[in-house]
Protein chains: 2
Amino acid sequence: MSLRFALLGLLARESLTGYDLTKRFDSTVGFFWSAKHSQIYPELANLTQEGLVTYELVTQTSKPNKKVYTITEEGRAALRAWIDTPGDRRTVKDPLLMRIWVVGMVDPNLALRQLREVSAEYEKRGAALEQAELEARAAGADRPTPDNMGLGAFMTLRCGLLQHQAYREWLNWSIAQLERVVEATAKAGV
Amino acid sequence: MSLRFALLGLLARESLTGYDLTKRFDSTVGFFWSAKHSQIYPELANLTQEGLVTYELVTQTSKPNKKVYTITEEGRAALRAWIDTPGDRRTVKDPLLMRIWVVGMVDPNLALRQLREVSAEYEKRGAALEQAELEARAAGADRPTPDNMGLGAFMTLRCGLLQHQAYREWLNWSIAQLERVVEATAKAGV
DNA sequence: CAGCACATGTAATTTGTTACATGATTGC
DNA sequence: GCAATCATGTAACAAATTACATGTGCTG
């Protein structure tokens with residue numbers, strides 16, 4: 001039930017198309033929410049019908065036409081009401097950790113391959129996040145003042161960064177652990 | 001599709017009932033996987049039918065009877081095959097962060113209430129995690145040797161701990177940020 | 001000329017949640 | 001006596017993924 005609020009939340013900052021929203025969900029806010037376009041478009045239709053958003057059809061020549069969605073006053077009210085609602089808890093599904101859980105019963109090299117793959121992704125994405133934080137600070141988004149509309153985005157970005165760092169740290173530590181296991185196995189095998 | 005592998009993974013370490021599995025999913029492995037009993041029981045039935053697990057019916061007098069599930073050799077093989085499968089990525093849904101994202105448009109006190117509530121939970125759970133890590137170390141689960149069957153569980157626990165610490169750190173920082181906003185608002189309001 | 005970015009949608013299927021259903025024992 | 005723990009299941013509903021469907025223009 002909170003996809004609608006995620007959409008309203010994103011639209012509360014800026015008007016966007018369904019396509020833009022989809023991109024947000026797998027980049028900027030991807031670390032705390034995600035959704036595919038096939039889920040987003042129907043929900044936008046619902047929100048429109050309920051009057052929580054409106055859209056303007058923008059005709060384009062060199063690209064497909066698009067619908068730019070804007071949150072309405074009712075939409076903002078609904079969002080505000082939701083904020084003060086007893087919070088559903090965070091959920092995580094991490095198949096990598098599930099694989100690590102059973103690492104004792106498989107060739108540690110298999111797990112290592114997966115860890116290294118994920119690690120490479122995280123290194124890349126980590127750099128992008130750090131860059132984003134610097135830019136946000138430069139833009140003054142970190143000022144804790146009531147007029148600073150960018151503070152919320154900055155705070156979530158900061159959370160993403162800390163989480164990301166912790167995960168990277170763990171990845172590196174894990175890789176080192178399993179490398180030692182592999183070494184020990186090689187020695188015993190000879 | 002990976003609930004089945006999560007179940008097989010848990011059963012690879014020890015034989016458990018559906019009820020036990022449910023508890024694991026909202027405590028020990030809860031930070032990287034979760035499922036309700038209504039999803040678990042039918043999946044156990046499927047796994048039984050496919051021969052990946054078997055169960056033994058244990059009759060009890062002072063408690064309801066139970067089915068203790070054990071992974072089969074085929075089950076272990078299926079799990080091993082899955083480990084080396086191209087990994088689905090981690091997904092997160094965090095309604096708290098969604099609320100923070102839009103904090104600029106609401107009374108920061110509302111957000112503060114939510115943050116403090118979550119913070120209290122995290123402090124409590126953090127202590128439990130730290131305790132668990134100490135015990136695991138004492139039991140030698142941290143040795144990176146091929147014979148150490150507990151290493152996988154220790155590694156995931158460590159990940160949980162690091163993630164948890166990062167989140168707590170962020171919660172405290174966030175609370176401080178919003179307190180400053182509230183102060184600034186009070187000053188301006190007078 | 002192949003593949004990607006843009007852009008929006010629907011249909012089929014799989015996952016996951018909430019609610020319904022039952023029932024004994026133990027601790028407060 | 002009332003709530004919690006133990007224990008297993010089904011049914012109804014909501015949420016999410018994968019696949020189907022279409023079409024232009026730019027870039028390598």
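Lettering follows sequence order; numbering is per chain, from 1.
Between A:E43 and A:S38, it is A:E43 whose nearest contact on DNA chain D lies nearer the 5' terminus. The nearest heavy atom of DNA chain D to A:S34 and to A:P64 marks one nucleotide each, and the one closer to the 5' end goes with A:S34.
Taking every heavy atom of both residues into account, B:I71 and B:L11 meet most closely at CG2-O, 3.7 Å. Pairing each heavy atom of A:P108 with each of A:L178, the nearest pair is O-CD1, 4.2 Å.
For B:N65 and C:dT25, the CG to C1' distance is 14 Å, given to the nearest whole Å. Whole-Å rounding puts the B:Q49 CD to D:dG9 P distance at 13 Å. The nearest whole Å value for the distance from the CG atom in A:D26 to the P atom in C:dC6 is 12 Å. Counting to the nearest Å, the C1' atom of C:dT8 and the CG atom of A:L7 are 15 Å from each other. Summarising the geometry, the separation between CD on B:Q39 and P on C:dA19 is reported as 17 Å, rounded to the nearest angstrom. Rounding to whole angstrom units, NZ of residue A:K23 and C1' of C:dC4 are separated by 13 Å. Distance, A:I40 CD1 to C:dA7 C1': 13 Å, rounded to whole Å. Taking atom OH on B:Y19 and atom P on D:dT5, their separation rounds to 7 Å, with Å as the unit.
Listed nucleotides: D:dC6, C:dT17, C:dC6. Nearest to the side chain of A:K63: C:dC6. Here the side chain of B:H37 is nearest to one of C:dA7, D:dT17, D:dT10, namely D:dT10.
A sub-4.0 Å separation between OP1 or OP2 of C:dT8 and a side-chain N or O of A:T17 is present. A:Q60 has a side-chain polar atom (N or O) that falls below the 4.0 Å cut-off from OP1 or OP2 of C:dA7. Under 4.0 angstrom from either OP1 or OP2 of D:dA16 there lies at least one side-chain N or O belonging to B:K93. Listed pair A:K66 / C:dA7 meets the phosphate criterion, a side-chain N or O lying under 4.0 Å from OP1 or OP2.
Below 30°, between 30° and 60°, or above 60°: for B:W82 and B:F5 the angle between ring planes is below 30°, a parallel geometry.
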Report task. List the steps and the verdict of side chain to side chain donor-acceptor pair (under 3.5 Å) for B:Y167 and B:N172. Result -> CA-CA 9 Å; B:Y167 205 83; B:N172 292 332; over 6 Å; no
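Annotation for A:L161: hydrophobic cluster partners, listed by chain and number, are A:L129, A:L157 (ILVMFWY side-chain heavy atoms under 4.5 Å, direct or chained).
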